[in-house]
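Nothing here was measured: the structure is a model prediction, and the numbers come from that model.
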Protein chains: 2
Amino acid sequence: MERSTREAMERVNRSRYKLTRQRSKIIETLVATAGEHLSAEEIYGLVTLEAPDIGLATVYRTLDLLVTLGIIEKTDFGDGRARYELASPGDDHRHHHLICSGCGIITEVKDDLLDDLESTLEREYDFCITDHRLEFYGRCASCRSD
Amino acid sequence: MERSTREAMERVNRSRYKLTRQRSKIIETLVATAGEHLSAEEIYGLVTLEAPDIGLATVYRTLDLLVTLGIIEKTDFGDGRARYELASPGDDHRHHHLICSGCGIITEVKDDLLDDLESTLEREYDFCITDHRLEFYGRCASCRSD
DNA sequence: ATCCGTGCAAAGTATTTGCAACCTA
DNA sequence: TAGGTTGCAAATACTTTGCACGGAT
């Protein structure tokens with residue numbers, strides 16, 4: 001079993017919530033598709049391939065739980081459905097994406113690029129920033145050549 | 001009549017779409033509430049105060065139209081409903097907001113702060129950026145004092 | 001007369017909730 | 001065993017669509 005799978009399961013165990021078969025399966029799926037930004041329905045589709053008895057409501061409830069525990073992050077890219085991804089370990093402050101309007105692929109930008117900017121804004125607007133979200137829209141290399 | 005109201009109406013007139021009573025009323029409302037980031041339902045509520053016969057579907061259709069014409073922008077702040085604001089004149093490239101998790105108020109950040117960053121990313125990821133969206137979450141001055 | 005625009009109601013999509021049965025710690 | 005958890009179906013929330021009527025050119 002992958003390290004991050006075990007880590008996530010242990011975090012559920014340490015919480016006041018139970019690690020059920022359904023939750024395990026959903027965590028496995030999320031780890032296996034890391035970097036893909038799946039929607040609840042897509043996760044449901046994958047999960048039911050191996051465990052057809054799991055209900056969509058359970059997927060939603062589990063995703064909520066995992067967000068609460070900080071194991072995953074929920075993001076809305078404006079396409080009308082929420083998308084989920086494993087939280088960056090050790091940091092809950094990096095949500096940068098490149099979104100291609102051609103093929104829809106979402107690429108992670110690894111670094112936190114905004115620290116300087118944040119200090120400036122905090123001063124200028126008297127606002128205490130705890131998190132941010134940054135998305136760039138455009139066209140990726142392969143869609144530009146079409 | 002406010003200048004931006006007239007400007008918006010002229011842009012509709014110049015398009016292949018008609019400037020109807022309903023569309024005028026909706027534009028007026030959007031100009032009157034500039035800076036408030038209203039949802040479709042909220043706009044509908046305001047519009048029907050003065051023109052109770054306007055339907056919710058018309059509000060949605062008109063908002064779509066105004067987005068298409070570049071008169072307003074549609075943004076999703078992740079609260080499950082779309083929000084609309086007048087487009088920044090002369091620039092379609094500035095979507096920066098400070099969102100207070102205490103009172104929910106959304107403050108505009110005026111400047112486009114990301115030009116340098118964009119050049120770097122375009123090179124690094126071979127991605128042609130056409131737009132971006134930047135949101136900061138935290139607490140505003142008055143919510144911090146609670 | 002034509003064609004766009006409208007209101008209404010129905011449909012659609014994403015997500016949440018009530019509840020009895022079930023399962024895990 | 002006790003209480004969290006589940007599947008199902010129904011409910012909810014937001015948005016879109018079908019359609020016949022209405023209005024402007």
Name the atoms and distances for all side-chain donor-acceptor pairs under 3.5 Å in residues 37-52 of chain B, with sequence neighbours left out.
| from | atom 1 | to | atom 2 | distance (Å) |
| --- | --- | --- | --- | --- |
| B:H37 | ND1 | B:G35 | O | 3.3 |
| B:H37 | NE2 | B:E85 | OE1 | 3.3 |
| B:H37 | NE2 | B:H97 | NE2 | 3.2 |
| B:H37 | NE2 | B:E108 | OE2 | 2.6 |
| B:S39 | OG | B:E42 | N | 3.2 |
| B:S39 | OG | B:E42 | OE1 | 3.4 |
| B:E42 | OE1 | B:S39 | N | 2.8 |
| B:E42 | OE1 | B:R83 | NH1 | 3.2 |
| B:T48 | OG1 | B:Y44 | O | 2.7 |
| B:T48 | OG1 | B:G45 | O | 3.1 |
| B:E50 | OE1 | B:K25 | NZ | 2.7 |

Between [atom2] of [N] and [atom1] of [X], the distance in whole Å:
| X | N | atom1 | atom2 | value |
| --- | --- | --- | --- | --- |
| A:K25 | C:dT24 | NZ | P | 14 Å |
| B:E41 | D:dT16 | CD | P | 13 Å |
| B:R16 | C:dG5 | CZ | C1' | 12 Å |
| A:D79 | D:dC14 | CG | P | 18 Å |
| A:N13 | C:dA25 | CG | C1' | 9 Å |
| A:L65 | C:dT15 | CG | P | 17 Å |
| A:F77 | C:dA14 | CZ | P | 16 Å |
| B:L56 | D:dT15 | CG | P | 9 Å |

Considering only [options], which nucleotide approaches the side chain of [X] most closely?
| X | options | value |
| --- | --- | --- |
| A:K18 | C:dT15, C:dT24, C:dC4 | C:dT24 |
| B:R61 | D:dG18, C:dT16, C:dG5 | D:dG18 |
| B:Y17 | C:dA14, C:dG5, D:dC14 | C:dG5 |
| B:A57 | C:dT17, D:dT17, D:dG4 | D:dT17 |

Measuring to OP1 and OP2 of [N], would you say a side-chain N or O of [X] lies under 4.0 angstrom away?
| X | N | value |
| --- | --- | --- |
| A:R23 | D:dT5 | yes |
| B:T20 | C:dT6 | yes |
| B:Y60 | D:dT15 | yes |
| B:R21 | D:dG23 | no |

With rounding to the nearest 0.5 angstrom, report the OH to CD1 distance, A:Y84 to A:I71.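 It comes to 14.0 Å.
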Does B:Q22 reach a base, just sugar-phosphate, or nothing at all? Heavy atoms under 4.0 Å.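 B:Q22: backbone/sugar contact only, no base atoms under 4.0 Å.
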Base, sugar-phosphate alone, or nothing: which one does B:I54 contact when heavy atoms must sit under 4.0 Å apart?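 Result for B:I54 = sugar-phosphate.
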Less than 4.5 Å apart, any side-chain heavy atom of B:E122 and any of A:L98?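 Answer no - side chains too far apart.
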Please check if atom OH in A:Y137 has more than 12 non-hydrogen atoms from other residues, nucleotides or ligands closer than 6.0 Å.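 More than 12 heavy atoms, drawn from other residues, nucleotides or ligands, come within 6.0 Å of this atom.
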B:R83 vs A:L19, nearer the 5' end of DNA chain D by closest nucleotide: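 Of the two residues, A:L19 wins.
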A:E118-A:H132 side chain donor-acceptor pair, cut-off 3.5 Å: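 A donor-acceptor contact under 3.5 Å links the two side chains.
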